[in-house]
Every structure is written in C-alpha cells, then in structure tokens.
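Here is how names work: the chains are called A, B, and so on, in the same order as the sequence lines, proteins then strands, and each is numbered from 1.
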Amino acid sequence: MSDAAYTPQELMVAVASREIRDHDLVFVGMRLPILAYAVARNNHAPHARGLFEVGLMRDRPAERYLGTMGDPPNVVGALWATRMSNVMALMAQGLVDLGFIGGAEVDRFGNLNTSYVGAPSNPEVKLPGSGGGADIAILSRRWVTLMNHERRRLVDRVSFITSPGYGDGTPGWRQKNGLLGAGPAAIVTTLCMFRFPEGGGKAYLDTIHPGHSLDEVRENTGWMVDAVGEIKTTPPPTASELEVIRKVQA
Amino acid sequence: MSDAAYTPQELMVAVASREIRDHDLVFVGMRLPILAYAVARNNHAPHARGLFEVGLMRDRPAERYLGTMGDPPNVVGALWATRMSNVMALMAQGLVDLGFIGGAEVDRFGNLNTSYVGAPSNPEVKLPGSGGGADIAILSRRWVTLMNHERRRLVDRVSFITSPGYGDGTPGWRQKNGLLGAGPAAIVTTLCMFRFPEGGGKAYLDTIHPGHSLDEVRENTGWMVDAVGEIKTTPPPTASELEVIRKVQA
Amino acid sequence: MPGKVMKMAEAIERFVPDGATVALGTALETLIPFAAGHELIRHGRRDLELVGPISDALFDQLIGAGCVRRITAAWVGNVSEGLGHCYRRAAEDRIPRSIEIHDHTNFSISMALWAAALNVPSLPARTLLGSGIVETNPNIAVSDGLVHINAVRPDVALVHVQRADALGRAHAWGPLGITEEAGLAAQRIVITCEELVDESVTLSDPNRILFPESKVVAVVHEPGGAHPSPVQGYFKRDHSCFRDYAAQSRTAEGFAEWLERWVLDLPDRATYMKQIDIEALRVKGSAMSAPANFADE
Amino acid sequence: MPGKVMKMAEAIERFVPDGATVALGTALETLIPFAAGHELIRHGRRDLELVGPISDALFDQLIGAGCVRRITAAWVGNVSEGLGHCYRRAAEDRIPRSIEIHDHTNFSISMALWAAALNVPSLPARTLLGSGIVETNPNIAVSDGLVHINAVRPDVALVHVQRADALGRAHAWGPLGITEEAGLAAQRIVITCEELVDESVTLSDPNRILFPESKVVAVVHEPGGAHPSPVQGYFKRDHSCFRDYAAQSRTAEGFAEWLERWVLDLPDRATYMKQIDIEALRVKGSAMSAPANFADE
C-alpha cells in the first residue's frame, strides 16, 4: 500500500487505535481519538468501552457523525448518561485503562501545554486550556497524545505544563508527586511514533511512518532525537482500518 | 374543648405544627412530624415545603398513609426525587428553616441522645443511632423535638450527645464549635412545651398543656424546672387541626 | 461481554465472601434487598461489615443470624416499630456475638462513600460538630472547624431495582438515598431486580441507568426480592410484616424461630414468596412517567 | 407560589446584575444557553465572572462583547473549530478589555461547585498534581499529596433544558456534565426551556427533575434557545454556524460585525430564530424513553 493510499491523519488514527486493547475502558477525547476508538472497536478490541467526560459511557461508536462528544448521536445507545463527576470518579479510581489527549505543544518528557505560550500573566498566545486533559494525564492508567509533527509543537521543554507527562524526566517523578496513572505511553505524530522508557523519562523514537526519514523527524523535532538501534517502519493502515475511518468520517 | 376530645399525641402534633411558618422549608422526620407538616400545610402554612432525607421534596402531604417517609405515596406528586446528599447539601447551605428530631433522651440544654445509654464500649441500652438527627440538629436553622414526658427521657444531662442542642449550655457554645444552625427552638412533650433563651442555654417552661400542672411537670422532669412568671396554658388543638390529623392518620 | 444473569445463590456464593464489606439498604426504607440478605444468612456468611444509612430490619436480621462483625451505619432498627432487638442483644450482651459499631449520620455515611468513589482519603463536611459520634467513630475527626470523614470502600454493593438488563444496566426510581455513591464506591455491584428486561428498555433511557455496567458483576431476577420493603410501581410496604418481626425478635428464642421459619427452612426466595400474600401488596395502578425523546435526527 | 414564567429580557434584567458570577454551558457541548448569553450582551452586562467546564463559543462571544471580568473554566474556545479568537485577543492584547483567568480542569471545576453545594471551603481531589494550573489558579492548592479546590459559588446558573413547568421543575436528558452541581451551588437558577409544560408532565417523573424548585427564580420559554448547540430530541448541532463564527471572529472587526448581525441588531431570540434555517436542524424522529411506573397502589 503506497503513501498516496491514505492521509497522514488516517495513519495517526490507525496507529492510535492499536494502543487500545480489548476490554479496555477508554477515555475518548474529540476528533481523531473518536475515530481511533471506532477502528479498535470494529477490529481488534470488540469489547472496548468508551467513556466521555461530558457524562457518557458507550460500548460501540456512535452511528452518525459527531462534531463534538456531546452530539445527539453519541447519546443514542449509550450505556450511561450521567454527571461528569461520576465519569471522573471512575478515572480517579484507576479504572480508565487508556486516555487520549490533544495538545498544542509536547516536550521530550511527554508534558503537554494547552494553556499559555509565554508568561501566563502576559501570554504571547492564550490556548484554550486543559479541559479534561490534565485529569486524563494524571489519572488514566496510560495515555497517548496525537499531534501534527512540527518543530514548534514538539519542543525541548514546554513553557507551561498543563497536562503532566514525566515532569522533569527524573525517574519516579510521577510517583514522587502522587500522580495516580503511569503516564504517557506514546506520542503519535504525522511523521513517527515516540515511546517512553519504563518508569518514565525522555521520549525515544519507536517507529517512523512509511515514506519518512530519521533526518526529516530530527529536522522537525525540538529535542535531540535518539535513535536506539535500527528504527522500524510504522505498519501502514490496513484496509479494514481505513474502511472504518472513512465510514465514520463520512 | 375538653381533654377527652383529643389525645396527648394529637396535642403534640398540633403544637409542633404551629412551629412551622408559611414558606418554610421543613426537614420532616417520621411519624408525628409528618402529621405536623400536614396540619401546618392545610392551615396556616399553605406554602411550606417538606424535605425528606430519603431524597424527596414535596409541597403537600402525601395523599395516603405513610409507614415510612420512603413509602410510595410520598413519591407521588413529589417535586424532586434525588440523592440524600443533595437534600443534605441544601441543609448544609442553611436553606432548611425548621427540622424535627425524635429522641430517646433530651437534657436541659436540648441535647439529644439516640445512641447509647451507659458506656458506648459496653452500653446498658444500644439505641438505633443518629439517622439524620445529628445532621438536622447541627445544620437546620431551628429545630423542635417531640417526646413522651417521662423522667427517664427528660434528663439533667444526657450520657451521650448524638444530636447537639446547646452543648454544655454556656452562651455561644454552638457558634464556638462551628455549628451552622441556631439550635433547638422547643421541646414539645405530652405535658408541656419548653423553650430556650435567645442564644441558647437551659430550657425553660413555656406553656403547660390543658389539664396538667407545674407539679406534674416537675415530678416527671429530670432537671430543676424553672417557672418564669405566670405559666400560660397551651392552646388546645383546634377543630381544623384535629380534622387534618385524623384524616392523615386514617 | 460474559453474561451476568445468575441465581441468587450463585451471586452470593461468588461475590460476597466471609469478611466482606457489604453496602445494602442504600435507598433507606425502599428497595431493601431482603432476598439477597436472607441468602447471605443461608450461606452462613460470617464476619461481614454492613454499610448503610438507616436499615429497616435487614441489618437487625443479619446481626441476629451471626453474620456481622462490624456495623458502619447511621441507624439500625425497625423504622415503623422502633428498636432493633437483635442489634441490642449483640451490642449489650454479645448475643449471638459481639459487634463493632462505627456510628455515622445519614449525611456522613454518604460522604464516606463519596470519598471512596472519588478515591480520596476523606471528605470534609459541616455536620457532626459537637456530636459524641466524632469520639466513638475512629474514622471521623474534627479539624479546622470541619469534620473529616474517612472513605468507606465496600467490597460489594447489593442493590435491588425495578428493572435491569442482562448486562447490568439498572433502572431504579423513587428516592435513591445513597445508592449512587454506594455503587460507585464499591468494588463490584450485585443487582437484584423485579424485572429482567431487554437492553432496548434500559438503553432507551441512559439517564435512568444507575451505575456503570463495568462495576456490575451479577444480575439476579428476583421478583418481590425487596419484600417487606416497598418498590415504587410494584409493591406497597408490608407494615404488618415489620410489626410481626419486631414482636417475634424481642427474645433470642423468638428470633431463632423467625429465622428458621422465614429463612433457614426455605430453599430460596421463590418459596418465601409462596408463603406471603403478595397479591395484597402488589401495585395495580399505573402512573407512567412522561416519555423523553432521545432521538438524534 | 409566585409565578416564575417571564421573558428572557426580564429574567436577565432582574437576576443577573453587573459583576455577577454566572455559571453557564454546564452540560459542555449540549444545551448551551446561547439565547440567555446573547441577552446578557444586549443588556450590556459588565464585569461578569463566567463559570463553566469547556465553553463552546458562548464564553468567547461574551468576552468579545466586553461583558467579562473573570473566566473560571477548564477550556474556552470553539470545540469543533479550535481556538477562541476573542479569548485570545482579551488575554493577549486586552481587547476589548483585560480579563482575569482562573484555570481549572473539567474535574476541578466540578469539585469547586460541589464544595459550594456542600458549603465547605474546599474539596480534595487526585487531579492537578504536577500541573502548572496549581500555580496560576489562586483557588487551588496542594497539600498532603492532594489538591484542594476552593468552593466556587455562582450568584446565578443559566440552564437550558428540554422542558420545565411554570414553577421551575426542569427535565433535562442526555449528558449533563456539571449542571447538577452548578445549580445546587448557585444562589439562584434561571431556566430556559424548549417546552413549557404542565406540572402533570414534570411531576410524573420526579427523578428527572434537575433542581429543587426553591432555587429556581425564573422560567423562560425560549424554543431554540440553545442554537447552535444541540438539544437531545429537539435539535441537531449547527456545525456550520460554529465554523462561520470561527471565521468571522478571527479579527476584532469581523467579530464586531458578527455581534451586530446576530445579537445587537436583534430585539430578541424570536427574531434570531427567523434568520436561521431551524427546520434543517430540527429532530423529526422519535426515540422515546421506556416509561417508569410511579403508582403507589
């Protein structure tokens, strides 16, 4: 299958969907993660449930297009329509297996900034804020972030930590600060996938997407990208993954 | 109207109902207070609402007999069927004007014991416990307790304070200990009604029920009953009060 | 998803071991899971910690049957009749055994369960200031002018509802007391229901679904399983049954006879139901909730 | 009880003064009270503190119109389109005025409202540890390995629902976000509804009633009052409207034109409704909730 056969976003969704295990309770965000949940649910994770902070639990994707997680099709067939605090309570109990978080900036320790570029008192850019992002980053067992691969987005250190990854990167930083979940499992970009060492630390390059190179990744990444051994190529989206993505997007 | 025309319980209900003001939000307990709310609602307090810790708000009495506040007739026509914690939240905000509490023992400072007679570690009598009583005693703006007038029930000091009245009777004891509500407004018994000085302290005799005497009250009360000036006689139940009581009990 | 529908005996056998902390009677005087409680007795469960707000007779019965190690509740007795005689015998005379008592108020037991649901060590509240309960309950403390109520984490919540589906999506209505926090705080939930319905019924109204299905481990179809407590739309309260229990349980011997007659000598709830005049209690009227339209286009 | 039904203009005039702390958009992307928000703008309200979880465009519009002194929220932008341009101009360039920002997460703003509802100074939670938000928000502190979130007490909550009666018993369905705690925490509640119904409808299902009527001060019958946000069973989300707003609000001039066109030049919501193709958004299907029997005998 050639690059032309799918878009970078479709590849990101396929890669993200593979992080979802069968029977996982997944804290689903907006946009691409909604597609990733649909792909997993229709392929390798038929028993994965989706949890939405608006106050919903589902055991299958919505049957119509969602502009937001609160759109009416997401309520039809829901297993639970409740208060946000009840959904957050499940996550605070450590019952959410995987979460997805978007962000404007991620750094080499997996910390996300969705709050301020520049001084919070006088910001160059005011970003929308945490939403449920920080809650997911702190409380879900593991989480994944998806981002367009640009040097301004993948920075050495974020200027403001909205959603903590591995903090300052020192081993055990999350446990030392009392964070419940294990932290970020992967950064999925339009060029590659980064993972993190056991127990946290600096992101390392895991796979490069088909048609892209290590040099290209390094040029577009704000931190020194370590290449440990031979870098594998990201398996491209399968036909069945693409089929679901395109069906749900329609 | 002669004594024979009504029972001591009917008089207690009538007297208790007069503590309910129009537009009050009343935290209604079981048995006699349910009748007192019905009497007030049908006579002088047409806008009084009833709140039940089981998780109900009503603007009129139930239309059928209630063995408990959770009986199905209490739900029919309810304004709100919710969680207990929501009902308690309203009371914690100081929005409950009046509460009723039953008890096994009350002392001269209005403290109620519904927990232990004798040492809690090895009690002579284990009473059922607080239920919502302590919550009402601490959080409602004012409250009233109803009790059969027996020397073993009206004691000088309770051995265990389940639901605090005015504590040790020192002025400002409630404020000093951070209790939200103003405390007990009255003790209504089968013989008389006690009230409390402004700001709290020792109960004083307010009125004696028709057909009973100061000596009788003193003989059956575990503390030295002060008679301030001339003691008035409790107005007996009116015909309309009795009519409601007997209709609701039927 | 594995099927969750099973008989009461299997649900109790598998999900309520000796020593468990069990929340039940969470809707106060209604929807009390008497059938589940009686099955605990038949299974000879021991050393249980019972968690609830007020308990209308069921806690008293479990205490009298010797199942209970600790009571964590606001009130234990017989709501329409008064004292709980088995509770008194256990607390005063260690009959049939001694019990530990963690006193609460209705508000504080709710907060203790919310603390567990939110996975925090304790929650603050404005209640209990000036009450002796802060001295007798080791899990309640006063500081900064507030009480701090430690989390209470049930191993299992036993909840009776009007209807549920095979995967444990439960609909209950009427006053719910502390049912929601008890279920969220519990490790697992056992549902007993008047009606076992298709998911087209439960999913037609996701707002009425009480719990996340992921916490529900068993669904037991047990019509009348709350008798003698009432079930809105299904059964009235059996006042005389509570009155009779109060009279018979006044002595240990009387309670023993009651226990044999109504629990130990019966194989299951179905047999129990044959021995009461359930038709006299059945709600025959219809007062249906106005429907809500969940359509999306 | 005094009647609570009134026009939007009267409700805003009487119950939302300048400087008020206002909770709105509490169900996240659904049931957003746009009509009420636009009336705040028409009334020229100033120095408001807006309280909410995520806000889909409405907070951005109120900020752009100069109504806002402080934002107490988890997210402010345009959910399907991204950044909130008015929010950026205010925070970055003080256009049209500077605003104070109290950052929250969705979880922490819910806890802040529950703290107010329970009348405690703060509640503890497991979230926000390690986040910079604990430094920027003066009402959030870390101690004993937990965050402590100070109470947020709205003067008024503006809540759009599917139906309500004249005394303010409101039925809402679908995901409710932080609507319940916002209403309980608020001094008073203004209800706007798709349908004004008889109490025989609302009281037929007291479990679906959102709030104690004693907190509801106004009921405004405003069909389509949540447009362009969706209303389960009534209206789909108007995605293109959010897209157009994102484009037009990119510049201060573009926003000014949008504001005149859609708010300032219109006398009321009814006129607004005439200018959109509401029929294309109207839900025509029927997916009714299974009824619950509330009969007592």
If every non-hydrogen atom of [X] is compared with every non-hydrogen atom of [Y], which pair is closest and at what distance?
X	Y	result
A:Ser85	C:Leu118	O-CD2, 4.5 Å
C:Leu184	A:Gln93	O-NE2, 2.9 Å
A:Val75	C:Phe294	CG1-CD2, 3.9 Å
A:Ala78	C:Pro206	O-CB, 3.6 Å

Practice item. Please step through side chain to side chain contact (heavy atoms under 4.5 Å, CB included) for the pair C:Lys215 and A:Leu90, ending with a clear verdict. Key: CA-CA 10 Å; C:Lys215 276 189 180 270; A:Leu90 291 186; 3.8 Å; yes
Measure the [atom1]-[atom2] distance between [X] and [Y] for me, rounded to the nearest 0.5 Å.
X	Y	atom1	atom2	answer
C:Phe211	A:Thr82	CZ	OG1	11.0 Å
C:Asn119	A:Met88	CG	CE	14.5 Å
C:Asn207	A:Arg83	CG	CZ	11.0 Å
C:Glu180	A:Asn86	CD	CG	4.5 Å

Practice item. Tell me, for A:Leu180 versus chain C, whether the close heavy atoms (under 4.5 Å) come from the side chain, the backbone, both or neither. Key: side chain
Practice item. Measure distances from A:Leu56 to the heavy atoms of chain C and classify the residue's part below 4.5 Å as side chain, backbone, both or neither. Key: neither
Point to revise | 4.5 Å side-chain heavy-atom contact, C:Ser214 and A:Met57 | key: yes
Check your understanding: Is the NZ atom of C:Lys7 crowded by more than 12 outside heavy atoms at less than 6.0 Å?
Key -> no
Exercise for review: Report, as yes or no, whether the 6.0 Å neighbourhood of atom CD on C:Glu100 holds more than 12 heavy atoms from other residues, nucleotides or ligands.
Suggested key: yes
